[in-house]
Structures are given as structure tokens and as C-alpha cells.
Amino acid sequence: MPLRIATWNVNSLRQRIDHLARFAKDHEPDVICLQEIKMTTESFPAEALAEIGYPHAQVHGQKGYNGVAIISRRRFTKPDRRVWCGRDDCRHVAVNVGGVELHNFYVPAGGDIPDPERNDKFAHKLQFLTEMAKWARKDKLAERKAVLVGDLNVAPLENDVWNHKRLRRNVGHTPVEAEHMAKLWAAGGLIDAPRHFIPEPEQLFTWWGYRFPQAFAKNYGWRLDHVLVTEALRKSMKKLTIARETRTWEKPSDHVPVVLDLK
DNA sequence: ATGGTGGATACTCCA
């Protein structure tokens, strides 16, 4: 049975519920992994999401910041969540669905200064990525049919940003972050699904910032949102879509969905 | 070197 998985940082589910409905209608994912819902688990709009075809939800939310959820057309099992870096700040949720173990992450953005000595947020981000890699290795993720998605807040490859030379000292694209990402891939036996379909040097972006109003028009993008699969799923990957059109809708999220088809 | 915009919150933090 095919399984279509989407990941999307909606930057407030309350603000993006109509966009989510439109995206779901256009792309028909079986499962959607959401990040930055920015609401409590109690205020999650489960009924509205059931109405647009997603009656099953696993939510890990809090007031104001962060928050993740997995919504699904299909029933799932083994709902799970983990606390990372000793903080329960709602950055991970997992389920088993359609024969795969699905993990949804929101990695800390890391602040502005790419120095863990001067910037606690950057230290937190590196620690979070390190913990993910340790978990993937210890839990033997590589031996299972697993999919890891989410806003990992790292653009690891040269063509994952609009200008590598200019941005390699910027948080999100520094060599140390790329190394942490590579360690995660190795620890989990993970394949970079979008790059399986669209290898470098083609540019691949999922995020265009708000701060420069022309960012999308000029394609000043970054690839911060990831879909990773274990080796057992390599041959199951059928199609990869980056739903760029959502960034042109009125009052968009700064991130666009990434969609993977598994057979 | 700096500032730009958006979302949640409550006179400011985070991205």
C-alpha cells in the first residue's frame, strides 16, 4: 500500500489552517508532520482537521512556541514523544503508520551567532543534533523501516542555500552544523530523500525568510526541512515534491511542505 | 554593519 508523507513547518497552525486544508486537498498526503504549531495540545483543532480528512492526530504542543503534531488519514500505533536536551519544549513526536516508524522533529533554530561559547541557543542546537545522532545509533534506527522528517534548521549542502560563499558563516549553514547533520545521517543509516531524486548541484530550497520581502521573488532560499529514510526504504521511494506554490499564497508560512511517496 | 517581517504575547521573545 503506498504511503504519502508530508512535512511542513506551518509557523502557527492557527494562522495556517486554511492553507493546510488547501495543501491537503491539492496533494492528498496520507500523513502530515507539522512543526511550530505554536499552541497547546488542549487547543489543537482536532475537529477541523478531521473534517479535512485527518481524523487521527498525535500532538505535542505548548503555549506560544514550538510544538509538533502528526495528523493522519490512516490509523497509527505506538504514539511516542521524547524530551531532548533535558527540556520538554515540544520538538519531537513519533508514530508507526503504514508499516514505517515515523519521527517528526523541530530542531532549535540556534540564534544569530554561530559560536556555542557566546550563544546558548547555538550550543543547544548542536547538543540537540548530537543527541539525535546518539539516539539513532543506540536505538538502531538503521535496522528498521524508519522515516525521520521535520524542520532540522540546517541547510547542509552547498546548493541547499542560495549563496554558499556568502552564507557559510550564518547559523543554519556553518560547517559545524553540516558535520552534525552528516553524523546524524551516518548514525541512523539515513538517506537524504530529496537529494536521492534531485542531486547536487541543483539548488533545492524549502524556506524563504520573511525579513527580506523579496526573498521568494529573488529565490533567496534555504533547505531547512528534511525527509530522511533508512536503507530498508531506499527502493520504496517513488516521488518527491516540494510544494513551493504554498509560499505564493496570501500570508504564507516561511516554510513550504516537502512530500515523499513510498510504495 | 545593519535591518528587514511575521507570530504569540502582553509591554518582548523567538524565528
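- If you find the closest nucleotide of DNA chain B to A/Tyr210 and to A/Gly64, the one lying nearer the 5' end belongs to A/Tyr210.
- The base of B/dA8 lies outside donor-acceptor range of the side chain of A/Arg14, with no N or O pair under 3.5 Å.
- At the heavy-atom level, A/Phe212 lies nowhere under 4.0 Å from the strands shown.
- Note: CZ (A/Arg166) to C1' (B/dA1) measures 12 Å, nearest angstrom.
- Between A/Arg211 and the phosphate of B/dT2, there is no side-chain N or O to OP1/OP2 separation shorter than 4.0 Å.
- B/dT9 sits 14 Å from B/dC14 when the P atoms are compared, rounded to a whole Å.
- A/Asn104 and A/Gln35 share a donor-acceptor pair across their side chains, judged by distance under 3.5 Å alone.
- Distance, A/Tyr220 OH to B/dG4 C1': 14 Å, rounded to whole Å.
- A cation-pi arrangement, defined by a distance under 6.0 Å to the six-membered ring centre and an angle within 45 degrees of its axis, is absent between A/Arg91 and A/Phe105.
- The CG atom of A/Leu13 sits 13 Å away from the C1' atom of B/dG7 (whole-angstrom rounding).
- No side-chain donor from either of A/Thr248 and A/Glu245 sits under 3.5 Å from a side-chain acceptor of the other.
- For the pair A/Lys38 NZ and B/dC14 C1', the interatomic distance rounds to 7 Å; values are reported in whole Å.
- Spacing between atom CD of A/Glu36 and atom C1' of B/dC14 amounts to 8 Å, rounded to whole angstrom units.
- Spacing between atom CG of A/Asn66 and atom C1' of B/dC13 amounts to 12 Å, rounded to whole angstrom units.
- At B/dA8, none of the side-chain N or O atoms of A/Lys63 fall inside 4.0 Å of OP1 or OP2 (strictly under the cut-off).
- The side chain of A/Gln214 places no N or O atom within less than 4.0 Å of a non-bridging phosphate oxygen (OP1 or OP2) of B/dG4.
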(Q) Applying side-chain contact (heavy atoms from CB on, under 4.5 Å) to A/Trp135 and A/Trp84, what does each step give before you reach the verdict? (A) CA-CA 10 Å; A/Trp135 156 77; A/Trp84 302 82; 3.8 Å; yes
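- Relative ring orientation between A/His255 and A/Trp207 is described as tilted, the plane-to-plane angle lying within the 30° to 60° band.
- Comparing the C1' positions of B/dG4 and B/dA15 gives a spacing of 13 Å, expressed to the nearest Å.
- Positionally, the nearest nucleotide of DNA chain B for A/Arg16 lies more toward the 5' end than for the other of A/Arg16 and A/Lys121.
- The side chain of A/Ser12 approaches B/dG7 more closely than any other nucleotide in the set B/dT5, B/dA15, B/dG7.
- If you measure from atom NE2 of A/His255 to atom P of B/dG7, you get 13 Å, rounded to the nearest angstrom.
- Taking atom CE on A/Met39 and atom P on B/dA8, their separation rounds to 8 Å, with Å as the unit.
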